[in-house]
Each structure stands twice: as C-alpha cells, then as structure tokens.
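Notes follow the structure.
As the structure is a prediction and not an experimental result, all values here were calculated from the model.
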Amino acid sequence: MGNSVNINFLGAAGVVTGSKFLIETFEGNIMIDCGMFQGLKELRELNWSDLPINVEAIDVVLLTHGHLDHIGYLPRLIKQGFKGKIIGTAPTLAIAEIILKDSAKIHEEDAERANKEKYTKHKPALPFYTLLEAEKTIANFQVEMPNKWISFTKNISFRFQYNGHIIGATFIELDIYGKRFVFSGDIGRTNDYLLDDPKKPEWADFLFVESTYGNKLHPEENIDDILSKLIKETIINHGNLIIPSFAVERMQTLMFLLWKLYKKNKIPNIPIFIDSPMGNNVMEVFKRFTKWHKLSNSDYEAMCSHLNIIQSFKETWETIDDTRSKIIIAGSGMVTGGRILTYLQQLIDKPLTTVLLVGYQAEGTRGRQLQDGAHEIRFFGKYYSVKANIKTIESLSAHADQNDLLDWMNNIKNIPEKVFLIHGEPTALDAFRIKIQDTFKWHVIVPKLTDVEKVIL
C-alpha cells in the first residue's frame, strides 16, 4: 500500500473567495492559504464557523500571496489552536501584515458603529478579529525566498515561484513522496504595467488551478483612451471621477497610468487624490522590494509627488468639500468597506459623478450591484440612491483570463493525474473544465466546499 494524502477543500471550492486547502500526510499537515470568504451573505457567514478539521494538527501555513481572501482567516485559525509558522515571500508577508492590521481596524470600527447606531441583530456585534489578534498572527510569520526548495520533512519539500498578480505573489509547488502538487494561487497577466510575467510550472502530478476568469477573455481595450475620455468629460461637466480600487496593485497601477497620461500630455493637470491608508502602506512595500516590480526609484518618486496622498480622515472631508473637478481613488475595490463609502455617501446621488469600476466584482458585493445597474445601494445601515454614471474597465484585472491560464499550464511536460479547478463561480468552473479537457485531454475535477480527496501515491 502506498502513502496516502488527504486534500481538504475548505474554501475557494465552487466559489471564488475563502482560499483554504489542507494537505494531510503521514509526515505532517500543510495548509495552503487561509483566506476569508467575501461577497454573498451565506458565504460571509461561513467565516464565523470553526473549520471542520483539527486545527491544532496543522503544522504550517504556506501563503501564495497577501490578498484578504487568501490570508484573512489566519487570526481565526490561531484562535482555533494553530501554533505553527505562516510562511511566504517577504513582500507577501509585508502585504499580509498591512491587510490584517487594516481589516482588524475596520472590523473593530464596524462593530463599534453597529452597536452605537443599533443596526445589528447581534447584541453586541463583535469584530471578526481584533488588532491584537492580527498582531499575534503576524508574530508567526516566517520569510522564505522564491525559487528555492525548502525541506519540510524527510519526504516533503516546497517551493515558491514568481506569479505576477500582485507584489510578492507566487504559485506553490509541493514535493510529497516524489509526487508534485502545484497550487496556482492567483495567476497574473503577461505584459502587466508594473509586474513581470508569471513563471510557469513544468511538472504537476496534481494541479490546483484558479478559474476566476476561466470562461472569459479580457477585452482588448485602449486604457489610455478610455481614461483620457472619462477625465475630459469629468472636467467639462464639473463633476468627480471616483474609482474604487483594491489597495494592493490596482491602486499603484492606476497611479502609474494617470501619471503617465499626464506626462504624455494626454490629460490636463486635474487634481488626483489617493485615499487609502492601506494603499499608502503598500506604496512603501513597492519602495522596499524594488526587485519584485518594474518601477524605477525615480519613476516611483515622480509618480508619488504628482498625486495628493490623503493622510487623515479630516483630509477626506476636505477633498469631498473641494469644489474642483477631481479624480478620487479610494479603497475598497468591490465597494465592500473602507474610505470609498464616505465619498459615495456624499456623491453617488449626483448625476455629474462617475464611478469607475476597475476590477473583478464578486457576487454579493456592492460593486457587483452597481455594475448590474442597481438604483440604490445600502451601507452604514441606510439606502443611498444611485444617480451617478457607472462605468467599468475590465481589462485592468490583475487575474489571468482563459487564454493566460491555458498558456500558464502549457509548459507542463507530463500529464497530471488530476486537475482540480478552484477559485471560480460555477459557470466559470464548468466552462474552464470543458476547455481544459478539450485542449489538453486532462482529467479535470471541480471540487465542492468541504470535499476531501484521498490520493494514494
């Protein structure tokens, strides 16, 4: 009888978010990613349940990258008894620290506001985790280098490989009793503005691949032209262009694009406000880890000095009161929380406001509601009428599309025994399953939440 490995699909199975995969072996237990569910209410409610496994038996957590849906459950994992190391690349752990602290602060503030304004069913409303719990989590971080095999036990080793997507992101290869398990994490795009092209795996006996855009191709859009046109219209109309943005990568990409447009004389010198405490901290990560992106130091400095970086909530209100036409970039990208809500509270009911959505909008988020043409959205316990123009740029996504995903798998020299499709909504998963079977003739499985796959090696 050979060695057996159990793979537990604890998140991002049949859905996009909540990435969590536990690999149980005779020599130790490894968790890949430990993210929060986002979007639909029934998914978000799953965050509050303990995991259906023995958390104390997990030896280590390996992180593909620092996004909340890959790291946001870590403090809860520790609460449930995890005592091991949390390992990732240096930029990944720097981003994870920023995101955990920021989201802990938001959880605390949301609970406090809900209790004070009494728009909660819970008595009292509690934060999902506290700043103290986030700091306790960060104390378990351990940095490892990419491109290097790291021994975990006698027969198990792992390696991080550069993956584009966001700064520090990797796919993870595990060698378990001579078999190669490859977890894609989130795969970036080729010809990204700020990041190099993702590396590609060359061997995979068991492949776990993201399918966020498994059924889509990013449109061929001229971003420069679209942004220039929107900005010129904003100035003519004496309006405001509001861009909800993810603080990691998308915000920096937008800053870079707007700075370049101004430098090329494609847009006038319109005031640009960047309002995201987390985004400011992420800029520091770009400054620290220059080898992980394409921006030179001089370009970085010039770009930052061209923009108005908001430092305080007082400045947020001064920006709202500023009567000039302006561009406001604020978190969060799916309009789920953060500073963007303060701007929308004041400006979403004005026809001269344009809201530009620039990334994936998960089911159940306010961003998706806006994209789908909602006439009102609810936040802070109230409904706000949507009179603003809602626009979308799809091609700024940091995720690989179907062609990129197939290309990423194209270098695999062997025929994988099994390919598991993860991180996708059902329609994307099913379309991508058929596409992989047609293209490569591989055996593809679409696991469901809490499925356990037993593999005999």
Taking the inter-plane angle between the rings of [X] and [Y] on a 0 to 90° scale, is it parallel (under 30°), tilted (30 to 60°) or perpendicular (over 60°)?
{"X": "F208", "Y": "F21", "answer": "tilted"}
{"X": "F128", "Y": "H107", "answer": "perpendicular"}
{"X": "W259", "Y": "F256", "answer": "tilted"}

Where do [X] and [Y] come nearest, in terms of heavy atoms and distance?
{"X": "A134", "Y": "P75", "answer": "CA-CG, 4.4 Å"}
{"X": "P447", "Y": "I422", "answer": "CG-CG2, 4.4 Å"}
{"X": "T234", "Y": "S325", "answer": "O-OG, 3.3 Å"}
{"X": "G164", "Y": "A169", "answer": "O-CB, 3.2 Å"}
{"X": "T365", "Y": "G39", "answer": "CG2-CA, 3.9 Å"}
{"X": "N215", "Y": "Q402", "answer": "CA-NE2, 4.1 Å"}

Atom pairs and distances, side-chain donor-acceptor, residues 286-293, under 3.5 Å, sequence neighbours left out:
from : atom 1 : to   : atom 2 : distance (Å)
H293 : ND1    : L295 : N      : 3.1
H293 : NE2    : F286 : O      : 2.7

*asked:* Pair I348, L370 - check side chain to side chain contact (heavy atoms under 4.5 Å, CB included), show working.
replied: CA-CA 10 Å; I348 194 135; L370 289 172; 3.9 Å; yes
Any donor-acceptor pair under 3.5 Å from [X] side chain to [Y] backbone:
{"X": "N115", "Y": "A111", "value": "yes"}
{"X": "T170", "Y": "T64", "value": "yes"}
{"X": "T392", "Y": "E394", "value": "no"}
{"X": "R76", "Y": "L51", "value": "no"}
{"X": "D192", "Y": "A398", "value": "no"}
{"X": "N8", "Y": "L10", "value": "no"}
{"X": "Q361", "Y": "G333", "value": "yes"}
{"X": "Q311", "Y": "P277", "value": "no"}
{"X": "D349", "Y": "S385", "value": "no"}
{"X": "D430", "Y": "P426", "value": "no"}

*Hey, mind stepping through L46 and L449 against side chain to side chain contact (heavy atoms under 4.5 Å, CB included) and telling me if it holds?*
CA-CA 11 Å; L46 293 176; L449 221 45; 3.6 Å; yes
Counting only heavy atoms not in [X], do more than 12 fall under 6.0 Å of its [atom1]?
{"X": "K105", "atom1": "NZ", "result": "no"}
{"X": "K136", "atom1": "NZ", "result": "no"}
{"X": "E112", "atom1": "CD", "result": "no"}
{"X": "K350", "atom1": "NZ", "result": "yes"}
{"X": "L132", "atom1": "CG", "result": "no"}
{"X": "K85", "atom1": "NZ", "result": "yes"}
{"X": "K294", "atom1": "NZ", "result": "yes"}

Do [X] and [Y] have a side chain donor and acceptor closer than 3.5 Å?
{"X": "D275", "Y": "Y343", "result": "yes"}
{"X": "E210", "Y": "T212", "result": "yes"}
{"X": "N281", "Y": "K101", "result": "no"}

Note, [X] side chain near [Y] side chain (heavy atom, < 4.5 Å):
{"X": "L100", "Y": "Y129", "answer": "yes"}
{"X": "M334", "Y": "F246", "answer": "yes"}
{"X": "T342", "Y": "F313", "answer": "yes"}
{"X": "I167", "Y": "E249", "answer": "yes"}
{"X": "F379", "Y": "V335", "answer": "no"}
{"X": "Q369", "Y": "V386", "answer": "no"}
{"X": "L40", "Y": "E363", "answer": "yes"}
{"X": "I58", "Y": "I53", "answer": "yes"}

*If you look only at pairs with a residue in residues 54-102, which of them pass as a ring pair (Phe, Tyr, Trp, His ring centres under 6.0 Å), with sequence neighbours excluded?*
H65-H67, H65-H70, H65-H165, H67-H165, H70-H423
Quick one: [atom1] on [X] to [atom2] on [Y], what's the gap to the nearest 0.5 Å?
{"X": "F273", "Y": "I309", "atom1": "CZ", "atom2": "CD1", "answer": "11.5 Å"}
{"X": "I327", "Y": "I270", "atom1": "CD1", "atom2": "CD1", "answer": "4.5 Å"}
{"X": "E133", "Y": "T137", "atom1": "CD", "atom2": "OG1", "answer": "7.5 Å"}
{"X": "R189", "Y": "D404", "atom1": "CZ", "atom2": "CG", "answer": "6.5 Å"}
{"X": "L341", "Y": "S332", "atom1": "CG", "atom2": "OG", "answer": "6.5 Å"}
{"X": "R44", "Y": "T17", "atom1": "CZ", "atom2": "OG1", "answer": "10.5 Å"}

_On the six-membered ring of F37, is K20 placed so that its NZ or CZ lies under 6.0 angstrom from the centre and within 45° of the ring axis?_
yes
*Evaluate the salt bridge (charged side-chain N to carboxylate O under 4.0 Å, His left out) criterion for residues E425 and R368: first the C-alpha distance (whole Å), next the side-chain angles of each, then the deciding distance (0.1 Å), finally the verdict.*
CA-CA 14 Å; E425 288 176 7; R368 176 68 78 91; 3.3 Å; yes
*Please assess N29 against N54 for the test side chain to side chain contact (heavy atoms under 4.5 Å, CB included), listing each intermediate value before the final yes or no.*
CA-CA 10 Å; N29 301 321; N54 178 9; over 6 Å; no
*Let me see the working for N147 and K199 under side-chain hydrogen bond (donor to acceptor under 3.5 Å, both in side chains), right down to the final yes or no.*
CA-CA 10 Å; N147 314 320; K199 287 192 170 184; 3.0 Å; yes
*Pair N308-I274, side chain to side chain contact (heavy atoms under 4.5 Å, CB included): steps then yes or no*: CA-CA 6 Å; N308 301 287; I274 311 295; over 6 Å; no
*Checking salt bridge (charged side-chain N to carboxylate O under 4.0 Å, His left out) against D224, which of K260, K264, K263 comes through?*
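Of the listed residues K260, K264, K263, the salt bridge (charged side-chain N to carboxylate O under 4.0 Å, His left out) partner of D224 is K264.
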_Using the ring centroid of each side chain, check whether F9 and F420 are separated by less than 6.0 Å._
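That pair passes the under 6.0 Å test.
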_Evaluation steps, salt bridge (charged side-chain N to carboxylate O under 4.0 Å, His left out), between D407 and K200_ = CA-CA 9 Å; D407 182 54; K200 300 174 188 179; 3.1 Å; yes
